[in-house]
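Notes to accompany the following structure.
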Amino acid sequence: MDSTLLKLGVAVEFGKVDKNSPYPPQMKGEDGADELAKQALDTGVAPTSILTDALVPAMDRVGQKFSENKIFVPQMLMSAKAMGAAMAHLKPFFQSGDVKTKGTFIIGTVKGDLHDIGKNLVAMMVEGGGWTIIDLGVDVNEDTFNQAVADNPGAIVGLSALLTTTMANMEAIVKKVKETHPGTKVLVGGAPLNDDFRKKIGADFYAPDSRGAVEYLKELAA
Ligand code: B12
């Protein structure tokens, strides 16, 4: 793999945000995710490769180490920050694309859940696919989703959850939105989900990643 991508993966894994960041001490003075993502783009590495070959695997390694109690929440947070610094460089590439005419996509991370990296990525990719995005942020309850649908008739809704405890909160959101606005399509995703769970809570579609979400929406708009 490209050596800048390898370094970028390490920077995200260890939470090195940028060159000036004092954390982690053993990487003092080295380039961080901010500089390395820019360098990768400048040398012609494709934005999707930066994402799938460096950033996402790095976050997987972070999750693995957290599961094994080798790192704790503060380190995970620094990795998330480093991931964010890299993603800021990729954003313009994913957001460009067609004029936003396909429809409106409302997305949020569900009640109790503060993980937003995956949600932001899905929003970015869907926006690049030609949709107008309404991002409700994190820790979003059923009333807020419902109001957003009321304000944007015909919009499609995307729910994200990264915790086994918060994925359960999706059901109430799906129920409320579908009861109040029959026919609204609801898309769900997040690492602990699968299609069986999607069926159980009455949502319309599950995608394991942002590409799946973009493809499904493309079919809906066709
Ligand atoms: C970064 C991180 C954090 C950061 C989040 C920062 C942020 N701004 O998001 C911080 C430090 C805050 C955090 C906190 C916690 N975390 Co955390 N976190 C992670 C970590 C390492 C990475 C998540 C991530 O960003 N992945 C990268 C993105 C790109 O992937 P993704 O989110 O899965 O999204 C993709 C797909 O899932 C999908 N997708 C996502 N959303 C949607 C939506 C739709 C509609 C669709 C179609 C697709 C889709 O597409 C995305 C792109 O491909 C994961 C480990 C892991 N490997 O997932 C743990 C992890 C999710 N966290 C975990 C835990 C336990 C916690 C805490 C409870 C820890 C604690 N004791 O406090 C808290 C909970 C806080 C809360 N209330 O939400 C556990 C969850 C265990 C479980 N099964 O429930 C994990 C799995 C770590 C582990 N292995 O134990 N965390």
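Whatever order the structure lists them in is the order used to number ligands and atoms, beginning at 1. Quick caveat, the model's predicted, so the values are computed rather than measured.
Taking the side-chain hydrogen bond (donor to acceptor under 3.5 Å, both in side chains) definition, one finds that R211 meets it with nothing, sequence neighbours left out.
Considering backbone and side-chain N/O atoms, T164 comes within less than 3.5 Å of an N/O atom of ligand 1. Inclusion of G112 in the set of residues having an N or O under 3.5 Å from an N or O of ligand 1 is warranted. Where the criterion is an N or O separation shorter than 3.5 Å, residue side chain and backbone included, D209 fails it with respect to ligand 1. The shortest N/O to N/O separation between L159 and ligand 1 does not fall below 3.5 Å. Of the polar atoms of V62, none of the N or O atoms is found under 3.5 Å from an N or O of ligand 1, judged by distance alone.
The minimum heavy-atom distance linking G9 with A58 is given by the pair O-CB, 3.4 Å. Listed here is the closest heavy atom pair of L8 and A86: CD1-CB, 4.3 Å. Between L162 and G190, the shortest heavy-atom contact is CD2-CA, 4.2 Å.
Residues K185 and V157 form no side-chain contact, since every pair of their non-hydrogen atoms from C-beta on lies 4.5 Å or further apart. In this structure, the side chains of M125 and L51 come closer than 4.5 Å at one or more pairs of heavy atoms. The shortest distance between side-chain heavy atoms of M170 and L193 falls below 4.5 Å. When side chains are defined from C-beta on, T109 does not count as touching V140, because their heavy atoms never get closer than 4.5 Å. Side-chain atoms of K176 and D143, non-hydrogen and from C-beta on, do get closer than 4.5 Å to each other.
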Carefully, step by step, assess S49 and L5 under the rule side chain to side chain contact (heavy atoms under 4.5 Å, CB included). CA-CA 9 Å; S49 165; L5 284 191; 3.6 Å; yes
E35 and D18: CA distance, side-chain angles, deciding distance, side chain to side chain contact (heavy atoms under 4.5 Å, CB included) verdict: CA-CA 6 Å; E35 292 83 9; D18 57 28; 3.6 Å; yes
Could you check Q39 against D31 for side chain to side chain contact (heavy atoms under 4.5 Å, CB included), going step by step and ending with a plain yes or no? CA-CA 10 Å; Q39 282 165 29; D31 284 340; 2.9 Å; yes
Applying side chain to side chain contact (heavy atoms under 4.5 Å, CB included), run through F197 and V188 and close with a yes or a no. CA-CA 10 Å; F197 178 76; V188 293; 5.6 Å; no
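The single protein non-hydrogen atom nearest to atom 89 (N) of ligand 1 is S67 OG, 2.6 Å, given as residue, atom name and distance. Regarding atom 22 (C) of ligand 1, its nearest protein heavy-atom neighbour is M59 CE, 3.9 Å. In this structure, the protein non-hydrogen atom closest to atom 6 (C) of ligand 1 is A80 CB, 3.6 Å. For atom 39 (N) of ligand 1, the closest non-hydrogen atom of the protein is G190 N, 3.5 Å. Among protein heavy atoms, the minimum distance from atom 41 (N) of ligand 1 is reached at S160 OG, 2.7 Å. Counting protein heavy atoms only, atom 38 (C) of ligand 1 is closest to P208 O, 3.4 Å. Shortest contact from atom 78 (O) of ligand 1 to any protein heavy atom: L114 N, 2.7 Å.
Between I156, D113, L77, it is L77 that holds the heavy atom closest to atom 11 (C) of ligand 1. Nearest-heavy-atom check against atom 51 (C) of ligand 1 across P192, G118, A207, G189 picks out G118. Evaluated by nearest non-hydrogen atom to atom 7 (C) of ligand 1, the leading choice among I71, D116, D60 is D116. When T109, N69, L121 are checked for heavy-atom proximity to atom 29 (C) of ligand 1, L121 turns out nearest.
At a distance under 4.0 Å, no protein heavy atom can be found next to atom 67 (C) of ligand 1. Taking a distance limit of 4.0 Å, we find that atom 86 (C) of ligand 1 is approached by no protein heavy atom. In this structure, atom 36 (C) of ligand 1 has a protein heavy-atom contact shorter than 4.0 Å.
A donor and an acceptor atom, one from each side chain of D151 and Q147, are located under 3.5 Å apart.
For ligand 1, the atoms lying closer than 4.0 Å to a non-hydrogen atom of A213 are 47 (C).
For atom 17 (Co) of ligand 1, the tally of protein N/O/S atoms lying closer than 2.8 Å stands at 1.
Under the side-chain hydrogen bond (donor to acceptor under 3.5 Å, both in side chains) rule, K178 has a single partner from T184, N146, D204, which is D204.
Because its NZ or CZ atom is both nearer than 6.0 Å to the ring centre of F14 and within 45° of the ring axis, K65 counts as a cation-pi partner of that residue.
With a 4.0 Å cut-off on non-hydrogen atoms, V188 touches ligand 1 through its backbone and not its side chain.
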